[in-house]
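Taking it in order: structure first as structure tokens, then the write-up.
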Amino acid sequence: MNKTITRFAPSPTGYLHIGGARTALFNWLFARKMKGRFILRVEDTDQARSTPEMTRAIIDSMNWLGLDHDDGPFFQSQRKNLYLSYILRLVQKGNAYYCGCTPDEVEAMRQEARQRGQKPKYSGKCRDLGLEPGPETVVRIKAPLDGQVVFNDLVKGHISFENQELDDFVLQRKDGTPTYNLAVVVDDAEMGITHILRGDDHVNNTPRQLHIYQALEITPPLFGHVPMILGPDKKKLSKRHGALSVMAYKQMGFLPEAMLNCLVRLGWSYKDEEIFSREDLIRKFSLENLGSSACVFDMKKLTWLNSHYIKEGSVPRLAKILMDHLHSEHISPKEMYLEKIIPLLQPRAGTIKEMAEMAMFFLVEDHKLDYDQEAVQKFLTPETKRLLSEIASRLEKLDSFDQEALEQDLGEYIRNKEIKFKVIAQPLRVAITGKTASPGLFETMEVLGRERVVNRLKLMSS
RNA sequence: GUCCCCAUCGUCUAGUGGCCCAGGACGCCGGCCUCUCACGCCGGAAACGGGGGUUCAAACCCCCCUGGGGACGCCA
């Protein structure tokens, strides 16, 4: 059995978005599962739209997700001679020919075919003219005129096309550059790719690519077309249609493991399980469990997964990630201090961004604390201010300022006053955090420390 | 228009002829816990698109319809 080799072949004309990331993930997973190789190939034959920045961004995204490649990145723009040699070979074998039709003429042919109720296609006018190469000629494949192309899709099963539906498509442009279908076939063949997992939108390219393989007399790889990820409106997700870059999710405070977990469940499942670590996935992934119908990406589920991984995450790591988010808000706390705050926020935050917001009251100076005015109105009455003032004095004299001591002391206080804890809880919380919702009071106070707690109480009780 | 593909709760899905008057998860609703908000726990509403077959038996197999998606470039 030959070694499994998969590839991810993005075109650097845009960011890596969810659809692409999932395709990359599936290919990566399959390679890892089969102990094969995963190749990264940049399909930048469209010089006008491809940019090095996008290549960089795509690789950054893959690094963030931890989808490491074993070979590459290879750039199609640097392999032009290779493609040209294949094209020449095709022409010499009589499987391709030079065509002098202008784009306008071809367009007219397409219109005509459409009017006859057929699929728009090139008529094959130059097919047997034996034209020579020239500045205005392209190279077209000499595709079979009848019969059908059949392949067994790894996820969809048997798929077939009538050859009459296909036409003699272009292999080499007028400017001498190879087209997508040609370059893909040459590269997949040259790189020994065994399995191609790609988006559903490529099924229509498959018969064309099969024609090239056939003309070249090369055994094609296996194809598997994974269903599209649709937007909430069920339309194809694309750069200009609601698809955010993977890095945008990073900025929103999602963890890569949550991202991966969410992505893999779009079109793949394993029994009733929902949570998969990277190791789980490599162990459990299989092509058989890939689904075949399109799906919709759900942000709510991503957020749930993210909150799950936040709860499970190691505090030092979360601290580093949180720090990055705070830096972009121009706040630079001590990492040690963040590590004390994080455990209080872990069960509460859906994203790291949210965690950053929730951590704010721990990080700003007392006089800069942002108070919820409505809460202040409601809970900081003359009555409760008196209580807070008394509490401030008591806390100043407390021997130790940990949760246990605080709970004990305040317990003693309410017993003496013969009031319920509820009476002072919200006023305390508002005075200390500025809000009506926060982690537990005692733990919050301990982490905040005596000085700031007392200070805030005094500030708000006068 | 033509071709290809798809079709289970709002969403992601399990289900490969009897275990399914359909299971799990997110979300939603209700309750418990409780110093607030969460977490957690318990409970609830919620789906096999329609019609024909095949079969003793169909969500599962076949056909038709409908609906949805994708593709029809000298883009990838």
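In this text, all values refer to a predicted model and were calculated from it rather than measured experimentally.
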Query raised in the report: Which whole number of Å gives the distance between the P atom of B/G10 and that of B/A45?
Result: 15 Å

Report task. Could you let me know what B/A38 is paired to, Watson-Crick or G-U wobble, both distances under 3.5 Å, or none if it's on its own? Result -> none

Report summary line: Residues pairing under salt bridge (charged side-chain N to carboxylate O under 4.0 Å, His left out) where one sits in residues 128-142 of chain A, two or more places apart or in two chains, turn out to be A/D128-A/K142, A/E136-A/K174

Query raised in the report: Expressed in whole Å, how much space separates the C1' atoms belonging to B/A14 and B/C9?
Result: 13 Å

Query raised in the report: Counting only heavy atoms not in A/E105, do more than 12 fall under 6.0 Å of its CD?
Result: yes

Query raised in the report: Atom OH of A/Y413 to atom P of B/C35: distance rounded to whole Å?
Result: 18 Å

Query raised in the report: Separation of A/E443 atom CD from B/U36 atom P, in whole Å?
Result: 13 Å

Requested in this report: Output all residues satisfying side chain to side chain contact (heavy atoms under 4.5 Å, CB included) with A/R386, sequence neighbours left out; order by chain, then residue number.
Outcome: A/E383

Requested in this report: Answer with base, sugar-phosphate or nothing: what part of the nucleic acid does A/H202 contact at a heavy-atom distance below 4.0 Å?
Outcome: base

Report task. Output yes when at least one side-chain N/O atom of A/R110 is less than 4.0 Å from OP1 or OP2 of B/C74, else no. Result -> yes

Query raised in the report: When you measure from the side chain of A/D201, which nucleotide among B/A71, B/A76, B/C35 comes out closest?
Result: B/A71

**Report entry** Heavy-atom side-chain proximity of A/V364 to A/D370 below 4.5 angstrom
**Finding:** no

Query - nucleotides 2-23 of chain B: protein proximity per nucleotide (B base, S sugar-phosphate only, - neither; heavy atom, under 4.0 Å) - result: BBSSSS---SBSS--------B

Query - Atom-to-atom span, CZ of A/F442 to P of B/U34 - whole angstrom - result: 14 Å

Requested in this report: Taking the side chain as every heavy atom from C-beta outward, state whether A/F223 and A/R198 have any pair of such atoms under 4.5 Å apart.
Outcome: yes

Requested in this report: Look through every strand shown and name the nucleotide pairing with B/G18 as Watson-Crick or G-U wobble, where both distances are under 3.5 Å.
Outcome: B/C56

Report task. Output every pair passing salt bridge (charged side-chain N to carboxylate O under 4.0 Å, His left out) with a member in residues 425-446 of chain A, not counting sequence neighbours, ordered by first then second residue. Result -> A/R348-A/E443

Query raised in the report: Is a side-chain donor or acceptor of A/R278 paired with a backbone partner of A/E257 at a separation under 3.5 angstrom?
Result: no

Report summary line: Rounded to whole Å, CG of A/L387 lies from C1' of B/C35 at a distance of 15 Å

Report summary line: Regarding B/C33, purine or pyrimidine glycosidic angle vs 90° from 0 gives anti

Report task. Give the B/S/- string for nucleotides 37-47 of chain B, one per nucleotide from 5' to 3', where a protein heavy atom under 4.0 Å of the base yields B, of only the sugar-phosphate yields S, and otherwise -. Result -> BBS--------

Query raised in the report: In whole angstroms, how far is the C1' atom of B/C26 from the CZ atom of A/F276?
Result: 14 Å

Query raised in the report: What is the distance from CG of A/N261 to P of B/C26, rounded to the nearest Å?
Result: 12 Å

Query raised in the report: Whole-Å distance between B/C74 C1' and A/D175 CG?
Result: 8 Å

Query raised in the report: What is the base-pairing partner of B/U11, counting Watson-Crick and G-U wobble geometry with both distances under 3.5 Å?
Result: B/A25

**Report entry** Spacing of A/N205 atom CG relative to B/G70 atom P, expressed in whole Å
**Finding:** 15 Å

Could you pull out all donor-acceptor pairs under 3.5 Å where a side-chain atom in residues 296-306 of chain A meets a protein atom, sequence neighbours excluded?
{"unit_1": "A/D298", "atom_1": "OD1", "unit_2": "A/K300", "atom_2": "N", "d": "3.1"}
{"unit_1": "A/K301", "atom_1": "NZ", "unit_2": "A/E274", "atom_2": "OE1", "d": "3.3"}
{"unit_1": "A/T303", "atom_1": "OG1", "unit_2": "A/M299", "atom_2": "O", "d": "2.8"}
{"unit_1": "A/N306", "atom_1": "OD1", "unit_2": "A/L255", "atom_2": "N", "d": "2.7"}
{"unit_1": "A/N306", "atom_1": "ND2", "unit_2": "A/G253", "atom_2": "O", "d": "3.1"}
{"unit_1": "A/N306", "atom_1": "ND2", "unit_2": "A/G350", "atom_2": "O", "d": "2.8"}

**Report entry** Nearest-0.5 Å distance, CG of residue A/L40 to CZ of residue A/F75
**Finding:** 7.5 Å

Query - Matching residue for A/R7 among A/V184, A/L197, A/D187 - test: side-chain contact (heavy atoms from CB on, under 4.5 Å) - result: A/V184

Query raised in the report: Start at the 5' end of RNA chain B and walk down; is the nucleotide closest to A/R429 or to A/R208 reached first?
Result: A/R429

